[in-house]
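Letters A, B, ... mirror the listed sequences (proteins, then strands); counts begin at 1.
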Amino acid sequence: MKEQILERLCNAIVECDVEQAAKVAQEALDASIPAIEAIQNGAAKGLDIIGSKFNSGEAYLPELILAGDAMKAVFDVLSKALKEENADSSAQLGKVVIGTVSGDLHDIGKNIVAALLAVNGFEVYDLGINVEPKTFVQKAEEIGATIIAASTLLTTSMPYQQDIVQYLIDSGLRGKYYYVVGGGPVTADWTIKIKADGHGYTATDAVEVCKRLVRSGQTPGTFEPVILEYYQG
Amino acid sequence: MSLRTEKILRSLDRAYNGPICSVKDWDTKVIPQTIRAILKKYGLEKTCDLENPINCDDDLADQFFRAGWELALELGMLNVETERIIKITEEELIDTLKHKPKEIILGSGSDQVILKARKPEDPTPPLLAASLGIVVSEELYVPIVEGIVKYKKLVDVLHGPSLATVYGRKIRSGTPYETLMGGYEAELRCEALWRAGRPGMAHTGIAGAVTEYGHLGGAAAIGGPGNVTMALCPVELKTNFAVFHRIMMAINNNMRIRAGGFSYIGGYAGPPEGAALANIAVDLLIATILDSDYTSSYVYDIQLLGNCGRKALWANSIAIQAVSRNTNLIRNKIVNETGGPCTDMFMYEAAIGLMNHCVSGASKTTQPRSAGGKLTDYLTPMEAWWCGEVFKSCAGMTRKQANEIAKKVLPKYEERLSNPPKGKSVLECFDLKEMRPSPEYQKLYLDIRKELIDLGMPLDKVYEEF
Ligand code: B12
């Protein structure tokens with residue numbers, strides 16, 4: 001019975017079925033399956049499957065996004081139980097506010113990063129494109145984020161990535177959020193120059209960088225940035 | 001009111017009163033589901049042939065065209081701001097194809113060129129615009145452009161690099177710095193063309209205009225019927241007001257319209273077959289909805305961050321052939337290299353990508369996109385020259401010949417596509433005073449050129465015949 005529910009939960013995620021995912025999550029609760037187990041042995045397995053299918057070119061961006069939505073629905077149903085089990089922090093890696101900065105409409109890369117983060121257990125708030133620096137910070141404050149992630153593909157929008165750090169510093173919030181930057185023209189040098197906390201070359205790297213940051217337990221803005229970049233010199 | 005204005009206003013009106021659909025539903029449901037259904041209906045699932053990356057099957061190309069036609073009529077394009085769908089009727093599409101010119105004149109005086117519709121294996125050489133909007137330092141802008149356009153046989157139209165700064169100030173997207181940059185870039189472009197002795201060469205707008213501001217700031221200075229405005233649409237089958245602003249600027253300044261929309265393998269359109277289908281549909285839709293004189297749409301691979309791998313080569317070949325064989329639409333097709341200047345990687349990617357576009361029936365390309373176009377000053381005139389040499393020389397080759405060459409060259413670079421070499425920046429591998437590549441770059445060029453000639457690429461043709 002329990003195995004069956006967990007399997008159906010996994011399948012609902014793989015099939016990107018938001019309603020079914022919420023429904024089976026409720027069944028799991030009703031069957032007294034611990035929320036943390038429903039996530040780890042059910043839903044998260046589905047996300048793993050979708051994630052690796054995407055990386056191998058068998059699943060595509062829509063599936064990635066919808067699987068993330070289905071996972072969100074599962075969390076919504078299980079959130080109360082998770083809190084009661086005191087398992088909130090171990091089940092989820094943290095909240096990420098992500099967006100493409102001002103003047104920039106490129107969003108495919110950012111959407112992949114957002115979806116892969118969600119599929120890997122982060123709760124993601126996507127602000128979309130053309131987002132002003134202070135909006136990132138305001139949203140982070142509002143939802144209690146752990147990470148702020150800013151994407152840009154335009155050299156002329158890179159200054160806005162720097163503005164975000166400056167806004168964090170000027171408003172006394174730098175120590176509160178890990179700040180991660182990425183997108184085509186963003187390099188290791190730029191990341192170091194603007195004193196961000198992390199940078200990844202691809203979406204997979206972005207996930208790894210965010211994981212390393214939250215697991216480091218260090219105060220944002222006080223350490224060498226975590227950078228995964230391998231454009232050959 | 002001109003016919004063009006009437007058509008554009010009709011589309012804009014539809015952006016306000018067409019059927020409602022959210023961007024999220026469009027991207028994650030409407031697009032993938034419709035594409036999947038149409039691929040199935042036309043028996044096109046899993047037709048991508050990785051062993052033969054350049055399609056040689058006319059029937060398959062025609063079947064893709066029929067399916068793309070249906071997709072275009074079924075979907076239309078979503079306008080992002082109003083979240084409404086701009087639909088077209090079959091009569092409008094037929095009317096569009098009937099009245100599109102088969103050739104258009106770009107540029108003026110002795111720098112004038114004719115851009116023509118081409119068929120697969122067409123012996124007419126296609127045109128080359130250079131360079132893509134790769135960012136370069138302000139002080140290098142004029143010499144780099146002067147170098148790029150130096151050889152008349154190789155480069156026909158100026159797309160131009162983008163400026164890193166304006167009078168030493170950092171340019172921020174969407175600010176008055178960008179507006180000022182628009183006028184300034186126009187000035188520098190004209191200066192460079194004048195220095196190169198090609199003052200009448202066609203421009204395709206302000207390369208550094210990332211928003212309407214830069215465009216409004218400079219487009220009028222390089223307007224008129226020999227010049228082109230560029231309007232690029234969001235992925236997949238979407239449009240927005242930034243695109244419409246650019247089209248209106250073209251109307252105001254009596255310019256040609258080049259509009260494009262890209263299709264992604266691995267993105268909303270799904271597999272290579274889905275991306276090819278979306279690419280065919282977007283060419284048809286843009287020609288109708290945005291009344292483009294020519295389109296600029298191509299397939300890109302989301303995993304490889306480029307389009308020189310097998311999947312993207314195949315998808316581009318089938319999409320280009322489908323539209324070339326069945327319409328007279330003039331199309332610009334871009335190759336997205338990942339290797340940077342002074343690398344064998346760049347040269348192989350450009351050669352195979354451009355050979356494919358040329359034999360499949362593209363009319364024009366915009367090149368180079370060295371190092372993915374991402375790194376400041378990773379652009380030299382040499383890449384543009386190489387692209388012109390390859391793209392034009394391949395005119396008249398058969399698809400079969402091209403496919404055989406592609407199969408031999410792909411193994412030389414495909415494993416490096418996910419980890420490409422960024423190469424060298426302009427000052428490290430090109431002498432802008434003498435306008436020649438460094439000895440290292442020249443040797444690389446001669447070696448690879450010989451290697452490709454030995455494999456059957458007719459690279460001497462551009463110098464001998466045209
Ligand atoms: C597709 C595309 C477009 C599409 C965008 C569609 C869309 N909805 O996103 C359209 C056609 C609209 C477009 C428009 C323009 N574009 Co454009 N575009 C591209 C192109 C070809 C591919 C970008 C892409 O989607 N890549 C695929 C994704 C998957 O890759 P990615 O975005 O790099 O993301 C990956 C990583 O970077 C990383 N990542 C991304 N974000 C983040 C964030 C974090 C925190 C982390 C850690 C990692 C990370 O993970 C992603 C997945 O692996 C690039 C060229 C290139 N090779 O990059 C040019 C490019 C980015 N564009 C360019 C330009 C100039 C423009 C225009 C100004 C052209 C014009 N004159 O109109 C306009 C600008 C519009 C605007 N204001 O934004 C230039 C930018 C040059 C520069 N350095 O500033 C480029 C580099 C082209 C070039 N030079 O040849 N473009």
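In terms of heavy-atom pairs under 4.5 Å with chain B, the best-connected choice from Ser157(A), Pro62(A), Cys16(A), Pro185(A) is Pro62(A). If you tally non-hydrogen atom pairs under 4.5 Å between each of Gly174(B), Pro271(B), Gly373(B) and chain A, the highest count goes to Pro271(B). Most heavy-atom pairs under 4.5 Å with chain A: of the set Thr211(B), Asp27(B), Ile302(B), this distinction falls to Ile302(B). Chain B forms the most heavy-atom pairs under 4.5 Å with one residue out of Ile129(A), Leu153(A), Asp163(A), and that residue is Asp163(A).
With a 4.5 Å cut-off on non-hydrogen atoms, Pro32(B) touches chain A through its side chain but not through its backbone. Contact of Asp126(A) with chain B is not made at all, since no heavy-atom distance falls under 4.5 Å. Contacts between Ile112(A) and chain B at a heavy-atom distance below 4.5 Å involve the side chain alone, from C-beta outward. Heavy atoms of Asn130(A) lying under 4.5 Å from chain B are absent altogether. Contacts between Thr152(A) and chain B at a heavy-atom distance below 4.5 Å are absent for every atom of the residue. With a threshold of 4.5 angstrom between heavy atoms, Thr376(B) approaches chain A through side-chain atoms but not through N, CA, C or O. Looking at Ser102(A), only its backbone comes within 4.5 Å of chain B, counting heavy atoms on both sides.
To the nearest 0.5 Å, atom OH of residue Tyr201(A) and atom CG of residue Asn419(B) are 8.0 Å apart. Glu178(B) contributes atom CD, which lies 9.0 Å from atom CG of Leu154(A) (distance to the nearest 0.5 angstrom). With values rounded to the nearest 0.5 angstrom, Thr155(A) atom OG1 is found 8.5 Å from Leu375(B) atom CG. For the atom pair Tyr300(B) OH and Ile108(A) CD1, the distance stands at 10.0 Å (nearest 0.5 Å).
No more than 12 heavy-atom neighbours from other residues, nucleotides or ligands sit within 6.0 angstrom of OH on Tyr213(B). Few gaps surround NZ on Lys211(A); more than 12 heavy atoms of other groups in view lie less than 6.0 Å from it. Residue-environment remark: CD (Glu7(A)) stays at or below the threshold of 12 foreign heavy atoms within 6.0 Å. For Glu139(B), the CD atom sits in a packed shell: over 12 heavy atoms of surrounding residues, nucleotides or ligands are nearer than 6.0 Å. Within a 6.0 Å radius of CD in Glu132(A), other residues, nucleotides and ligands contribute 12 heavy atoms or fewer. Atom NZ of Lys195(A) has 12 or fewer heavy atoms from other residues, nucleotides or ligands within 6.0 Å. Counted within 6.0 Å of NZ on Lys72(A), heavy atoms from surrounding residues, nucleotides or ligands total more than 12; the atom is thus considered enclosed.
When all heavy atoms are compared, the tightest approach of Asp69(A) to Lys24(B) is OD2-NZ, 2.7 Å. Across all their heavy atoms, Gly57(A) and Lys311(B) have their closest contact at CA-NZ, 4.5 Å.
Contact annotation: the side chain of Lys374(B) never approaches that of Thr187(A) to less than 4.5 Å [non-hydrogen atoms, C-beta and beyond]. The shortest side-chain heavy-atom distance between Leu61(A) and Glu236(B) does not fall under the 4.5 Å cut-off.
Side-chain atoms of Tyr177(B) never come within 3.5 Å of backbone atoms of Thr156(A) as a donor-acceptor pair (strictly under, hydrogens ignored).
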> Please walk me through it: do Ile65(A) and Tyr268(B) pass side chain to side chain contact (heavy atoms under 4.5 Å, CB included)?
Replying inline: CA-CA 10 Å; Ile65(A) 294 173; Tyr268(B) 307 125; 4.1 Å; yes
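With Leu105(A) as reference, Asn240(B) is the one residue of Asn240(B), Val210(B), Leu232(B), Val80(B) to meet the side chain to side chain contact (heavy atoms under 4.5 Å, CB included) rule.
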